[in-house]
Structure formats: C-alpha cells, structure tokens
Protein chains: 2
Amino acid sequence: MAINTAAVVPERLARSAGQQPLYSTLADILSREIHEGKYLPASTLPSEKELTERYGVSRQTVRFALRMLRDKGLISSYPGIGTIVREPMQKQGRFNAVNSTEDLLQFVGNTEMHALAIREVVVDGPLAEQIECKPGLLMSEATFLRKTPGSDLPMSYVRIYVPPRFAAAQVKPAVSNSPVYQNIEKMFNLRVSEIRQDVTATVLDEELAEVLQAPVGEAALQITRFYYDANQSLVQVTVSYYPRSRYTQSARFRVADDEA
Amino acid sequence: MAINTAAVVPERLARSAGQQPLYSTLADILSREIHEGKYLPASTLPSEKELTERYGVSRQTVRFALRMLRDKGLISSYPGIGTIVREPMQKQGRFNAVNSTEDLLQFVGNTEMHALAIREVVVDGPLAEQIECKPGLLMSEATFLRKTPGSDLPMSYVRIYVPPRFAAAQVKPAVSNSPVYQNIEKMFNLRVSEIRQDVTATVLDEELAEVLQAPVGEAALQITRFYYDANQSLVQVTVSYYPRSRYTQSARFRVADDEA
DNA sequence: AGGTATTTGTTCGTATGTATT
DNA sequence: GAATACATACGAACAAATACC
C-alpha cells in the first residue's frame, strides 16, 4: 500500500478564477502520480466514486480527467472492472512514439537544434508544391541538424520555412533547444493549435548524406510538418530528413467505439 | 436559412435497447449531413441549444456528438461564435489521411488485396525482432499486393503474420477486400481495439521492386502494424512496403488544451 | 464605450443502463 | 442474484468569449 493513503488530507480541488479547468488539474495530478509510480502498470486506479470523494469534485469532472488520460494512452477503463494503468509504451533508441501534439512538441523540445544557415528564398517549383505555398512567395529558410543531447551523429536534417513576417523568430544561436515555433508564439502572441504531418520516404543524395554523416543511398524518412494557429493560418513549415537507422516513428491508434 | 428548418418534423432520437449510444447516433446523422452538403464548410452548425430542441436530446448528448465530430476533424467550436464546419482535408492521389483507427481500417477496407502466397514460417533473426515475436515461433505468413480499385500498379506489398491459432483466417481468395483482421474478428469472436504503427524508410531491393513493378532503388515507406484485441494480446502483424511515388501518409494533430 | 444577448465551456446533481465479479 | 464499476443521459446553473446594438 502507498504510505500516504490515509495520512494525506484529501485536498479539495477548486478552480481559481480564469485558470485551468478542474478536470484538467485533476488529470495533471493523476498523471503525475502515475509517472511517480503511485499507481503501477496493470493495477487499478481508485474507482470514479472514490476519486470524487477524495478530491471533492463531481463524477463528471473525474470522468473528464480520466478521459484525458485515456486519450493520452495512460489508462484503459472497463465496466465492472475499473480503470487500469497501462504499460508505458516507450521503446528507446531510434523509436519515438508520436500519438499527440504533446508528444510531437515534446520531441521537438527534447532535442538540440544546431543551426547551419539562414537565408531568404523565393519559393518556386517543386519546393512550392511540397510546402504548399504560392510560387514566387518569399520565405525565410533556416537549416538545422537535430541531435539528441547524448549522441554525436545527427538524428535529422531540418529545413524550417516561415513567412517573412515571422522572420525575426529565425534567430541563430549555434545551439538551441527552444523550437522556432515557440519563438514565433512568444514574439507574435499566437498559439500553434494544429500540426499536419506528411510522411514519405526518400534516398539520401550526396548533399544530404554529407551533412548527416550517413552513407549515400541510405533510405530516410522525409517528414513535412505544417504548423497552424487557431485561425488556420500557416505559421511555419518544416521539412526533415531522418536516416532509416536513426529514427522510426511509432504511433498508436485506439478504436473509439463500435460501428453501427 | 435552410429550406427545411420548419418543414421537417424534429425526429426525436431515442436509444433502442442495446444499440449505439444516443450521442453516437446523433454524430452519425450530423456527419452524414455535413458530407451531403447540408452544412457547408466555413458555415456554422445549428447552436447546441437548437440541436437539443431539434432532436429532443439533452445538451450533454449534443456536446458528446459534437466532440466526436471534433475528434474526427470535421468541425471546430468557438465560444461566442458557434460550431463551424471545417474544410475537408483530403488530398487525392497518393496522399492518405490517417488520423484515427477508423481512417486506418477504412483505408484497409477501400483497397483490394490480391493474394500472392500463404506459408508457415519459423520466425527468427531480424524478422523476429521486427515483428516482436519470440524467435522460433511458428507463424502463418500471407503475402498480398494492395491495389486501389482503379489503378493497375499496386500501391504496396504486404506481408501479414498471424499466430497459428488464427491461421484459418488466412484464406486465399484471389482478390479480397475484406481484411484479414476482420476474418479473425468474425471467426474467433474478438475485436481489434488498438493498432500500433511503426514507420521507417527503406530502399526497394530487386525482389520487392519486381513484385511492385517499381524501379530497383526507389525509396519506400516500410510500415509495420501490430493489431491488438481488448486484452492487449497480439492478433496480427502486417509489414507493408509503399513505394514513395504511390503513397504518402498524412496525419493531423490538434492541441487539446493549454498547458498549465 | 457599454450593455445585452448568444454560444460554447465547465461543473454540479441525479438517475438508469450494462458489464463484471 | 447482489454488489461494484464504468457508460449513458437528463436537468440546471454559472463562466467566458464573442457579437450586436
């Protein structure tokens, strides 16, 4: 049993004006407790009724919190059984789980970006098609190598395109782990609310192979990500090349409900 | 205004025992109406209050239905504004949107599988690692070419592995569009509830190039999918090879809420 | 600028249905 | 069958954001 089951006074949750929703706060608490090992994988969480009493919130609030955790893949719920903690799905090495925006942005934040160059380009031809911009448009292009802090070989080569009005966010510290999109968010007071990702395969040509220190002809994932704000307007586009041996993207899909 | 605002009798929805949840039925109705063009992109859906009155259900039911549509990317909601229909995100050709299990399974169902061979293999070495099976295990392997009904060139080459106890589902009609996993579901009375997908890149060797009628050395996506049932036990594994020129996987991620 | 109405978001309470033990 | 636990559904109220006058 946990040490602090009876000792801790059930802290009644309450929303202080203008803050997070209650269910979101509760989800954070439970999520933290799961990660801290208070609730072990394959064991059950306290029942919804118990949680409502322990935190002094309604059942709906509890259920919304649990739904958030379920959407994140942390738990599964079964009628008559309860809510069980799932095994954390994490393979180390070149595997990387991307199931949500949070995963994606966290991945971006956990890697170092080594700047190579910044320049302005007139988008045209195949590039215009790839990043879905009107040909002839001027965009600011920054190129980086993405590295995991421990490793020496780069994980990927990244080209970041932002519209000229955001060019100021394309600063160039030699090494950075604050993503460009975050600079844009702060400097221009907007929030990325959606990311679209196109995945295809390619073969490393001499130029890519050289900067990536990988063999010419190795297969690589080519991932194009479009960042949009709440108004569906494009914030930035990134084109990344991940050599096969250094990155595998893993995603998990759950069925929501039965079909008719 | 819509022509049939007052003319149509509001069909009061009710759940007939043991069926779909009400909100799911309502989601299906609204989804169909959106696809039929009753509600056009960028226009607003009726307000939640209106929908509760029109269908004789509670606001909670309406909100749950709208949440399903929001999760599917069909609509967006804004306080003070309403719920607007989103532009359908569909690029034809080799682009394919995979944002949910439904998308994934639908994609599987919308393509023809042309059977090539069935055999039993002792899983070992790199294959065992790839499909995450204990080496030495006997599995039933079926190979297919996936084709879109219109096209002549295959979209991908697929190897499907199922445990021996499910081998009976690996039947071999020359052409089939009922996926193997559905055979297993019916024959063994279980439901696939989760799919994990690993994506990496590879280069077509001579063997793959020949069956795919693609040039040797072309880049290809190598997608491995693990199908699990509700008990987290493995149902089947598929390994697919999609030549770069014939398939691009597209996914969309939305931010759920603000971080603390 | 200010106030009111509208619309979605959050939270409570309660009751009933369904699946499991 | 009874108890437990999650799922669905109704009603009500207030808050926050936006639009309109």
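Lettering of chains follows the sequences in order, A, B, ..., and the numbering in each one begins at 1.
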Exercise for the section: Side chain of B:Arg63 only, please: which of C:dG9, D:dT18, D:dT8 is the nearest? Expected result: C:dG9
Practice task
Please report, rounded to the nearest Å, how far the C1' atom of C:dT8 is from the CG atom of B:Leu66.
Solution key: 10 Å
Exercise for the section: Go through the N and O atoms of the side chain of A:Arg59 and the base of D:dA7, and report whether any donor-acceptor pair is under 3.5 Å. Expected result: yes
Problem - Member of A:Leu74, A:Thr25, A:Leu69 meeting the side-chain contact (heavy atoms from CB on, under 4.5 Å) criterion with A:Leu30 - result: A:Leu69
Problem - Electrostatic pair A:Glu194-B:Arg254, nearest N-O below 4.0 angstrom - result: no
Practice task
Kindly point out which of D:dT8, C:dT7, C:dG9 is positioned nearest to the side chain of B:Pro21?
Solution key: D:dT8
Completion exercise
A:Gln20 atom CD is separated from D:dA16 atom P, nearest whole Å, by 15 Å
Problem - Value in whole Å for how far the C1' atom of D:dT4 lies from NZ of A:Lys49 - result: 10 Å
Problem - Phosphate-side-chain proximity, A:Thr61 and C:dC12, N/O vs OP1/OP2 below 4.0 Å - result: yes
Problem - Donor-acceptor pair under 3.5 Å, A:Glu48 side chain vs D:dA5 base - result: no
Exercise for the section: Determine the contact category for A:Tyr78: base if any of its heavy atoms lies under 4.0 Å from a base atom, sugar-phosphate if only primed atoms, P, OP1 or OP2 are that close, otherwise nothing. Expected result: sugar-phosphate
Exercise for the section: Please report, rounded to the nearest Å, how far the P atom of C:dT7 is from the CD1 atom of B:Ile75. Expected result: 15 Å
Handout entry: C:dT8 OP1/OP2 closer than 4.0 Å to side-chain N/O of B:Thr83
Key = yes
Practice task
Given salt bridge (charged side-chain N to carboxylate O under 4.0 Å, His left out), test B:Arg196 with B:Glu132 step by step and report yes or no.
Solution key: CA-CA 12 Å; B:Arg196 185 162 61 84; B:Glu132 296 180 4; 2.8 Å; yes
Exercise for the section: Specify the residue among B:Ser58 and A:Pro79 whose closest nucleotide of DNA chain D lies further upstream toward the 5′ end. Expected result: A:Pro79
Exercise for the section: Verify whether one side chain among B:Arg146 and B:Thr111 offers a donor that lies under 3.5 Å from an acceptor in the other. Expected result: yes
Practice task
Would you kindly compare A:Ile81 and A:Phe64 by the position of their nearest DNA chain C nucleotide and give the one closer to the 5′ end?
Solution key: A:Phe64
Completion exercise
note: B:Met68, atom CE; D:dT8, atom C1'; distance rounded to Å ~ 13 Å
Practice task
Report the residue from B:Phe226, B:Tyr228, B:Tyr227 that forms a ring-ring contact (aromatic ring centres under 6.0 Å, His included) with B:Tyr181.
Solution key: B:Tyr227
Practice task
Among C:dT11, C:dT7, D:dC6, find the nucleotide with the atom closest to the side chain of A:Gln60.
Solution key: C:dT11
